[in-house]
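These notes are about the structure you will find just below.
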Amino acid sequence: MKENREDRFTNNLWLSWMGFIIILIVWQIVSATNLVDSSIFPGPISVLKSAIIDVPIRRLIQHIGFSLFRVVAGFIIGAVTGVIFGIISGWYKKIGNILQAPIELIRPIPPIAWIPIAIFWLGLGESSKIFIIFLGAFFPIYTNTLKGMFNINPELLQAGRILGLKGIRLLLKVAFPATFPDIATGIRVGWSYSFGLTVAAELIAADNGLGYMIMHARELGQITVIIYGVIIIGLLNLFTDFLIQQIIIKRKLRWYYITTNV
Amino acid sequence: MRRLIKNKKINLSENIIKIGTVVVIIIVLELLSRVGLLSPYKMPSPTQILIAIREVISVGFPKGVTILLHLKATVLRIIQGYLLAAVIGIPAGLLIGRSYILDRISTPVITFARSVATISLLPLFIAWFGITEISRILLISYGCLWVILTNTIQGVKQIDINYINAGKVLGANKRQMFFKVLLPAALPRIFIGLRVAVGVAFMVIVAVEMIGTVVGLGALIQQSRFYYSIDITVAGMILIGIFGLFLSVILERIERFILPWAFSLEEVER
């Protein structure tokens with residue numbers, strides 16, 4: 001009975017869009033009727049209209065480019081080091097403990113709290129922002145990789161040993177691939193952290209990027225541009241997350257999702 | 001969902017290695033500072049950090065604003081924003097989780113809302129409400145709301161259909177159904193949302209306090225940068241870390257106490 005009901009709706013894609021449509025209509029009505037001052041609370045149409053004038057497409061693409069460059073740079077450094085450190089920590093027990101101790105010690109400090117000291121160390125340029133974004137990616141990817149290493153099915157390792165794999169080859173051929181699902185989780189969490197941190201870093205100290213764009217618009221009192229920017233930040237995050245999901249989950253992890261039926 | 005096996009056999013030798021590593025790092029830092037290889041403008045020595053922590057606790061930074069005042073401001077903001085999110089998120093989540101149509105309609109909106117980096121709303125809220133407590137509290141609420149909401153929805157959707165049928169067979173009315181069946185069955189997931197939301201609130205508030213405030217943990221480290229007092233910055237970071245750790249330990253205790261059967265559940269993937 002319940003399944004029948006779901007079948008009836010699964011094809012109705014419009015239902016998924018209803019939420020957005022309702023919000024847009026209510027938003028437009030509220031601002032059109034001047035229930036709230038429309039200069040403070042502009043409607044969707046005026047947001048789109050004036051934002052395109054105030055922020056030319058070329059300028060917008062430049063801001064997006066700067067932000068994306070920072071996220072990608074920081075994220076890749078964080079992901080690579082996070083995976084490597086996680087694998088080493090999980091595989092070699094002694095070295096693992098030595099690595100884990102300082103990482104566990106600084107992990108409770110939110111990456112955002114590193115902004116002041118990053119500026120002390122690296123100045124106001126690109127490197128301090130990338131450092132913060134790196135931290136945002138590193139910790140979730142490291143901890144998830146480590147978790148994956150701890151939870152490897154011992155039968156897999158035994159099978160590997162029986163088939164004659166030892167040491168580094170057992171690590172690379174069996175243990176490392178077995179942690180892929182956990183690494184994938186870490187990568188998705190890390191990406192969303194990195195993304196948020198990019199915006200935060202750009203709000204606090206930058207002269208380009210999407211975070212700067214909305215902070216600057218606030219100084220100029222262009223509320224339409226702020227709303228426009230917030231929506232673009234949301235869409236960009238959604239789109240990149242979708243891309244990552246498609247790449248990782250659909251391609252690399254098909255075996256995992258087929259076998260475990262998640 | 002794969003179940004996590006908490007097989008952390010923390011034995012003595014492991015702990016000795018870990019503590020030893022930290023001690024060695026501290027000693028090396030101290031030595032490097034003493035020898036002059038580590039510039040005091042880049043990294044204060046451990047003893048300087050200790051002195052700075054004492055200063056932040058007793059004298060306060062800026063003068064007069066002790067760590068207790070910073071902590072009080074931050075905690076107060078977190079509590080207000082968090083409660084607001086919980087009061088909206090849990091009932092809304094229960095409602096959406098029960099209705100197939102509402103769930104279909106709201107899923108894309110919630111997904112989008114979660115993708116909007118909370119901190120990116122700061123300029124908008126400042127424009128609407130000024131640099132006030134309201135902006136800060138609402139920002140925390142926004143960050144927490146979606147985590148609490150999605151976990152509550154998931155909690156309701158995952159309820160074993162047999163519980164609901166049993167309730168119906170036993171003749172539960174709507175109110176009984178809600179309070180005696182739905183809420184308790186969804187509670188473990190709701191708690192996960194509430195736990196994760198505390199972390200979110202903490203991250204958001206530190207970021208928010210770095211812009212346009214002088215009181216609060218985030219303000220402490222940001223102000224110290226303006227005064228070029230790197231020892232205070234590091235001291236502040238350590239205090240923030242300790243507070244964050246304290247929060248998560250407390251929450252873990254509470255959860256283990258209230259929901260001992262559901263402790264191994266993980267947060268819902270977004």
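Below, chain A is the first sequence line, B the second, and so on; all start at residue 1.
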For this session: Determine the interplanar angle of the Trp128(B) and Phe41(A) rings, folded into 0 to 90°, and report it as parallel if under 30°, tilted if 30 to 60°, perpendicular if over 60°.
Result: tilted
With a 4.5 Å cut-off on side-chain heavy atoms, are [Y] and [X] touching?
{"X": "Ile183(A)", "Y": "Asn144(A)", "result": "no"}
{"X": "Arg136(B)", "Y": "Ile140(B)", "result": "no"}
{"X": "Pro46(B)", "Y": "Leu50(B)", "result": "no"}
{"X": "Trp17(A)", "Y": "Pro108(B)", "result": "no"}

For chain A, the option from [options] that forms the most heavy-atom pairs under 4.5 Å:
{"options": "Val206(B), Leu239(B), Ile221(B), Ile230(B)", "value": "Ile230(B)"}
{"options": "Pro123(B), Ser39(B), Ser106(B)", "value": "Pro123(B)"}
{"options": "Ile19(B), Val109(B), Val208(B), Leu122(B)", "value": "Val109(B)"}
{"options": "Leu217(B), Leu247(B), Ile126(B), Thr107(B)", "value": "Ile126(B)"}
{"options": "Leu121(B), Ile242(B), Val116(B)", "value": "Val116(B)"}
{"options": "Leu124(B), Ile240(B), Val234(B)", "value": "Leu124(B)"}

Chain A contact via [X] - which portion, at a heavy-atom distance below 4.5 Å:
{"X": "Ile17(B)", "result": "side chain"}
{"X": "Ile211(B)", "result": "side chain"}
{"X": "Met203(B)", "result": "both"}
{"X": "Phe226(B)", "result": "neither"}
{"X": "Ile25(B)", "result": "side chain"}
{"X": "Thr233(B)", "result": "side chain"}
{"X": "Thr118(B)", "result": "neither"}

Best-contacting candidate, [options], against chain B by heavy atom pairs under 4.5 angstrom:
{"options": "Ala200(A), Gly221(A), Gly196(A), Ala217(A)", "answer": "Ala200(A)"}
{"options": "Gly229(A), Pro108(A), Ala101(A), Pro116(A)", "answer": "Pro116(A)"}
{"options": "Glu219(A), Arg218(A), Arg107(A)", "answer": "Arg218(A)"}

Problem set entry | Test ring pair (Phe, Tyr, Trp, His ring centres under 6.0 Å) applied to Phe202(B) and Phe243(B), step by step | CA-CA 10 Å; Phe202(B) 187 55; Phe243(B) 179 59; 5.4 Å; yes
Short side-chain donor-acceptor distance under 3.5 Å, [Y] and [X]:
{"X": "Thr224(A)", "Y": "Ser50(A)", "result": "yes"}
{"X": "Ser33(B)", "Y": "Gln48(B)", "result": "no"}
{"X": "Thr145(A)", "Y": "Thr179(A)", "result": "no"}
{"X": "Thr240(A)", "Y": "Trp191(A)", "result": "yes"}

Heavy-atom proximity to chain B below 4.5 Å, by part of [X]:
{"X": "Ile98(A)", "value": "both"}
{"X": "Ile119(A)", "value": "side chain"}
{"X": "Leu235(A)", "value": "both"}
{"X": "Ile232(A)", "value": "neither"}
{"X": "Tyr193(A)", "value": "side chain"}

For this session: I would like to know whether Glu252(B) and Arg195(B) meet salt bridge (Lys or Arg N to Asp or Glu O under 4.0 Å); could you show each step before the answer?
Result: CA-CA 8 Å; Glu252(B) 213 178 282; Arg195(B) 168 159 51 97; over 6 Å; no
For this session: Could you tell me whether the side chain of Trp146(B) and the main chain of Thr111(B) form a donor-acceptor pair under 3.5 Å?
Result: no
Problem set entry | Minimum heavy-atom distance between Pro111(A) and Leu135(A), given as atom pair plus value | CB-CB, 4.1 Å
